[in-house]
Structure formats: C-alpha cells, structure tokens
Amino acid sequence: MSNSNLTNADIARVFAECADLLEIDGADSFRVSSYRRVARCINDLPTDVREIAVRGELAKLEGVGKSSAQKIQTLLDTGALPLRLELAQKVPETLLELLHIPGMGPKKVAQLWREVGVLSLESLAAAIDAGRLEGLKGFGARSVEKILEGIAFLKRIGGRTRLGEAAPVAERFRAAVAELPGVARAEIAGSLRRGCETIGDLDLLCVADDGAAVIGHFTKLPGVTRVLVAGDTKGSVLVERAAEREIQIDLRVVPAESFGAAWQYFTGSKEHNVRLRELAVRRGWTLNEYALSDASTGKVLASRSEEDIYAALGLPCLPPELREDRGEFELKEAPRDLVALEDVRGDLHLHTDASDGKHTLEQMVAAAQERGYEYIAVTDHSQASVVANGLDRERLLRHIDAIHKLNERTRGLTVWAGAEVDIMADGSLDYEDDLLAQLDWVVASNHYHLGRDGDKNTERALAALRNPHVNVLAHPTGRMINRRDAAPLDIGALCAEAARTGAALEINASGSRLDLKDTHARLAAQAGALLCINCDAHATDQLDKMRYGVITARRGWVRRQDVLNTRSAKQVAAFVRAKRTQGR
DNA sequence: GCCGTTTTCGGCCCGACTGTTTTCAGTCG
C-alpha cells in the first residue's frame, strides 16, 4: 500500500541525491550511473509511478532492476529510503551544493571535506579566505581562483535558463560566430536544439580550419563577460542573458568533413548518444564527434551529415526533439508528420486590455494577421480572476459584441469571441451555461484551487471537461518552470475524458508554463485526445512564443493531426459544435 | 546497480581541456 504522498519528482530527487552522495563517498561509478538512470526514468514518467507499482511492473521500467524497484516501493510505502538516510550519516548532504560549482566534481568535493573539513559553499569560501587550501594537493592558485569565480557564478545564474530566454541569446551568438573570419557554417546544438524546457549551457558548433583563431575571436565577442576555456577546438564563455544573470556558451570547431558527426554528437542527448555508440560498438565500429568508423581498420563509414551517420547505423534520421532515449530507436522510419510551426493556423487563447492584456483588441487582431493566421479566439479572463480584471456578465456581453463587430470588418482572419473561464473550487465554471452558450470558444482554467490533493484536482478538471461548452483545458497542471511544481493530477484520466467528450488539452506555449509538458503531450496524443497549442499572449509580441509550444509538442511525438489548431477555421467550428450538440 | 541472439559474470561510450601531482587525474558534455 502507498502511504506516502511522494510525487515522481520527489522520488527521482532521492535517487539523484543518492547518486551524488555515493559518488562523493567513492562508490563504483557504474553503480552511481544506475541511480542517475533510475532518477531520470522516474522523472520522465508521464503518469504517477504509483500506478506502475500497483501493477507490480516497476522492474519492467528501462534501467530499473530488482534492487531499485524495491527501493521505489519502500519510498512509496514509507516516504523514506534507508540507503538515503545511511548516506546522510556518512556524507554531509550540504556537500551536494558544492557539486554545482563549475569544475568541481565528487573527487574534489570529497578531498575538500576530508582534508580541510569543508561542508558547504559558505565554509569553502571561509576556508579559502583563511588560506586553508594552500599546499593542498591539486589545488593551486589558479584552481582556487576558479572556485571563487564559480561560487560567484552560482549566485548569478540562479538555476537553468528557460527555453524562451535561452533561444534568443543562442541565435544572436550563432549569427555572430557565423560571421567570424574563416567560419563556413555555424549551428546551434545541445539541449536547445532538442527544445528542452530549460537549458543549462548553450552549445554552438562551427566549421573552420583554424580552430584556435576562431576560438580567439569567439572569446572576444561583444557580450562575453568571462572566458572559462579557450583551446584549439573548444571555447567556453559566460555571457549576460538578462540583468545580473549569466549563461555559459560552449563553442566547438570542427572540420567540414566531420560536421555531421559533430552535430549529432553535440546535440545529444547524452542518453541517446550512449545508445547510439552501443549500436556502433556492437557492429565493431566506433562513434565519436569526428566520425563513425571501423574500429579495426579506422576506415571512416560516415561523418559529413547526420543523415549519413544514422543511415549507416540502420536508423532513420531522428529529429533532434526525439533524441532522448525514449523509444526512438524502435522507429523504422522518421516520423514525417510531427507537428511543425508552419502547420499552426491560429491561436485560441489570448488576452486584450479588456482584462489583463497590454494591447487592444484591434492591436491583437492586427498582430495575428501579421503572423498569417487564419483565426484567433479572444479569451479574456472571467470575473473570479479579480486581480486580472476579469469580466463580469455585462462587460463580457459588451466584449462579445465588440469582437463580433470587429470580426465582420476583418478580412482574412476569423476572430472568435471566447473567454478564459475559471474553474471554481467545486468544479463548476465562473459563468452560467446560458452565458457560455453565447461564446464561440471556451477555455477552462484552474487558476486558484489547485492543491496537493490530486483526486480533488482531477475531479474538478474532469467536471470542467464534461461541460458541453468547454473546448479546451488550459495549462492543466499549473506548473511554473523554476517557480512552482505541477499540481498532482491524474493526467491519464484527463486525456481519456478529453478524448471522450471532444475537448482539447492545451500545450501552453508561454515560456514559464509549457504545460502540458512533452511527456504529458505524448500521453495525450496516445490516448487519442486532441491538443491545442496556444500562446496565452498578454501582448502582441507574445504571439511569437508559439514555436516553443510546437517544439514541446514535437518532443512529445505529437503529430499534425493530433493538434486542433492545425485544422481549418471550419473544422475548429465543427469541433465546438459537435461537443455542444452531442452533450457528452 | 543493470543487463544479456556471444554473456547470469563481467562488462558498462568517448574525447577535449585544465591545472599541476611533469605524465595524468578530474571534470565536462
């Protein structure tokens, strides 16, 4: 029986901490990796790990063996893991924060702890201050300087950078590198190319003959605040990404004939690449950032393009968003119909200054026209959202009228009168059905009552989906990246009910949400629920966030036909009509 | 700790860069 209320993220955290503590303790590195692998597996699960535990199928998870399955079960039953507690007795857990210092790994942390008595960032800074690292083996003057820089850096970066903030910085530097003398081509790689929701470092890759010269120029580009590494093929710098905030950019320089191997290699993910190299090794080949080659003769089998590398290994050229070792190696051919930005024909969740938007109805409509959209739904807040200046009945009726009138004189764009309606504590909606019936499109949102009670959260969301006027459930889990965890919610039940009732589930494209996230979106599409990718724009420029929603969908293997707003205005209208008339 | 169409034991991906312990270990991706 499950007696704890630990979430997947909580359980993943315990395993990740065990891995770090074991590593500081000097445990076998493969054992450490196993714990990391389990952490990642649990974190990536789209459903509650409890459901798998109940079916007795924990050990069937990729990378989870008998021993880990037992540990997960213990965590679910008791809320704690004996190994984790033992490790905390043995190794001070405050040491974990030291691992975040760039250049600081488990060996050095262990050494600082055992030989100098360092326990935390603070005590490390104090030890350096008191000169207690002087004469310590492996810690010369330069190392100590780097540690101090690292501690200062930690205070400035404040965690991983959100996709929407990282992408513009990366694009600016990619363009700058492409312009450097001797550079034939420059591309973005790494987690940004895969569209991950948060980014650690930015990875750039370029083709040039004289690597040292390119790195030299790179480290002097405007915006660079510090140079971390400057070699013949690799350079690392810090740049300012926002006020007081920095991000690291790594640039690798490769020869043209290695470009494909390098782009594949530096795009990752690490897990995907490990699997790929295993496939190579099994055939007597070896794969690195320069080429796929025969291990015995050294003959190069593929290197110029990613297509060549994958083809040589008997695989379709997998889109970067799929390279996570989440089943992509089973694919016989590359998915052709993954949703793309060009497929999106409209945005069905946006605000105007009638509630808390920055721009007028006319301005938002013009912005949608500029982006070539076929339709939009204007969805200002309902009355319960007082802080967002939500519309009461009278104001909503006038707003609907204004939208319909504007629609009549707008060419090439259909403008629907919608609303973002709050789901109340009891699962009812913030507007009466007769008022909802006057709207062309209804977004239902859980803004205020998402709590720790997963059953209650789920019930309220299900109730909203069952209302014949509700067309999409917005940002279902309420998570805010780097700020607030997803509320516990039975996503599987939501998907099934959305599919049954003919409602859609939103992928909210705004940078702080990306909710549903990739694995949830995948679950929804598998369950036959339609997704709707919306920007939730509160200003005209926010309509450009659509690309982040689309890439999140792609990471969830979502196809064009799984996304409602890739359909025509007529088809969207039919989708709304079907739910109202069938009353499911 | 995980895993298995060579294996239930003995493997487990690969190379660059840095500082420093002058020949390599630690870290990173």
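Within every chain, numbering begins at 1; the chains are lettered A, B, ... in the order of the sequence lines, protein sequences first and strands thereafter.
- In this structure, the side chain of Thr225(A) engages the main chain of Leu238(A) through a donor-acceptor pair within 3.5 Å.
- Nucleotide dG1(B) holds its P atom 8 Å from the CG atom of Leu22(A), rounded to whole Å.
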task: Mind running salt bridge (charged side-chain N to carboxylate O under 4.0 Å, His left out) on Lys146(A) and Glu149(A) for me, showing each step along the way?
output: CA-CA 5 Å; Lys146(A) 283 207 156 185; Glu149(A) 282 175 9; over 6 Å; no
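- Cation-pi geometry between Arg252(A) and Trp263(A) is not satisfied (NZ or CZ under 6.0 Å from the ring centre, within 45° of the ring normal).
- Looking at heavy-atom distances under 4.0 Å, Ile101(A) makes contact with sugar-phosphate atoms alone, never a base.
- Of the side-chain N and O atoms in Ser33(A), none sit less than 4.0 angstrom from OP1 or OP2 of dC2(B).
- Residue Val281(A) has its side chain nearest to dC14(B) when only dC14(B), dG29(B), dG1(B) are considered.
- For the pair Ile147(A) CD1 and dG26(B) C1', the interatomic distance rounds to 13 Å; values are reported in whole Å.
- Taking side-chain N and O atoms only, Lys108(A) has no distance below 4.0 Å to OP1 or OP2 of dA25(B).
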- line: Protein-proximity profile, nucleotides 15-24 of chain B, B/S/- by nucleotide at the 4.0 Å heavy-atom cutoff, equals SSSSSSB---
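- The partner of dC24(B) is dG19(B), by the rule that a Watson-Crick or G-U pair needs both atom distances under 3.5 Å.
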Hey, what are the protein-to-nucleotides 3-12 of chain B N/O distances that come in under 3.5 Å?
unit_1: dC3(B); atom_1: OP1; unit_2: Gly63(A); atom_2: N; d: 3.0

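- A donor-acceptor pair is defined here as one N or O able to donate and one able to accept, closer than 3.5 Å; such a pair exists between the side chain of Arg132(A) and the backbone of Val116(A).
- For Asp250(A), the side-chain atoms get nearest to dG29(B) when compared with the rest of dT27(B), dG29(B), dG1(B).
- Rounded to whole angstrom, the span from the CZ atom of Arg283(A) across to the C1' atom of dC13(B) amounts to 17 Å.
- Contact check on Arg479(A) versus Glu197(A) returns a salt bridge, with a Lys/Arg side-chain nitrogen under 4.0 Å from an Asp/Glu carboxylate oxygen.
- Side-chain atoms of Lys220(A) come within 3.5 Å of backbone atoms of Gly216(A) as a donor-acceptor pair (strictly under, hydrogens ignored).
- Note: NE2 (His272(A)) to P (dC14(B)) measures 16 Å, nearest angstrom.
- Considering only side-chain N and O atoms, Arg31(A) lies under 4.0 angstrom from the phosphate OP1 or OP2 of dG1(B).
- Contact annotation for Lys270(A): base contact, defined as any heavy-atom pair under 4.0 Å involving a base atom.
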task: Check the pair Glu171(A), Arg547(A) against salt bridge (charged side-chain N to carboxylate O under 4.0 Å, His left out), reporting the backbone distance first and the verdict last.
output: CA-CA 14 Å; Glu171(A) 275 146 25; Arg547(A) 47 189 286 221; 2.8 Å; yes
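- For Arg36(A) and dC28(B), the CZ to P distance is 11 Å, given to the nearest whole Å.
- No contact: Leu276(A) has no heavy atom under 4.0 Å from any strand.
- At a threshold of 4.0 Å, the pair Glu328(A)-Arg323(A) does not count as salt-bridged, since none of the basic side-chain nitrogens sits closer than that to a carboxylate oxygen.
- As rounded to whole Å, 13 Å separates atom C1' of dC13(B) from atom CG of Leu292(A).
- Residues forming a salt bridge (charged side-chain N to carboxylate O under 4.0 Å, His left out) with Asp325(A) (at least two apart in sequence, or on another chain): Arg275(A).
- Side-chain atoms of Asp10(A) come within 3.5 Å of backbone atoms of Thr7(A) as a donor-acceptor pair (strictly under, hydrogens ignored).
- Counting to the nearest Å, the P atom of dG29(B) and the CG atom of Asp201(A) are 5 Å from each other.
- Rounded to a whole Å, the CG atom of Leu58(A) is 16 Å from the P atom of dG1(B).
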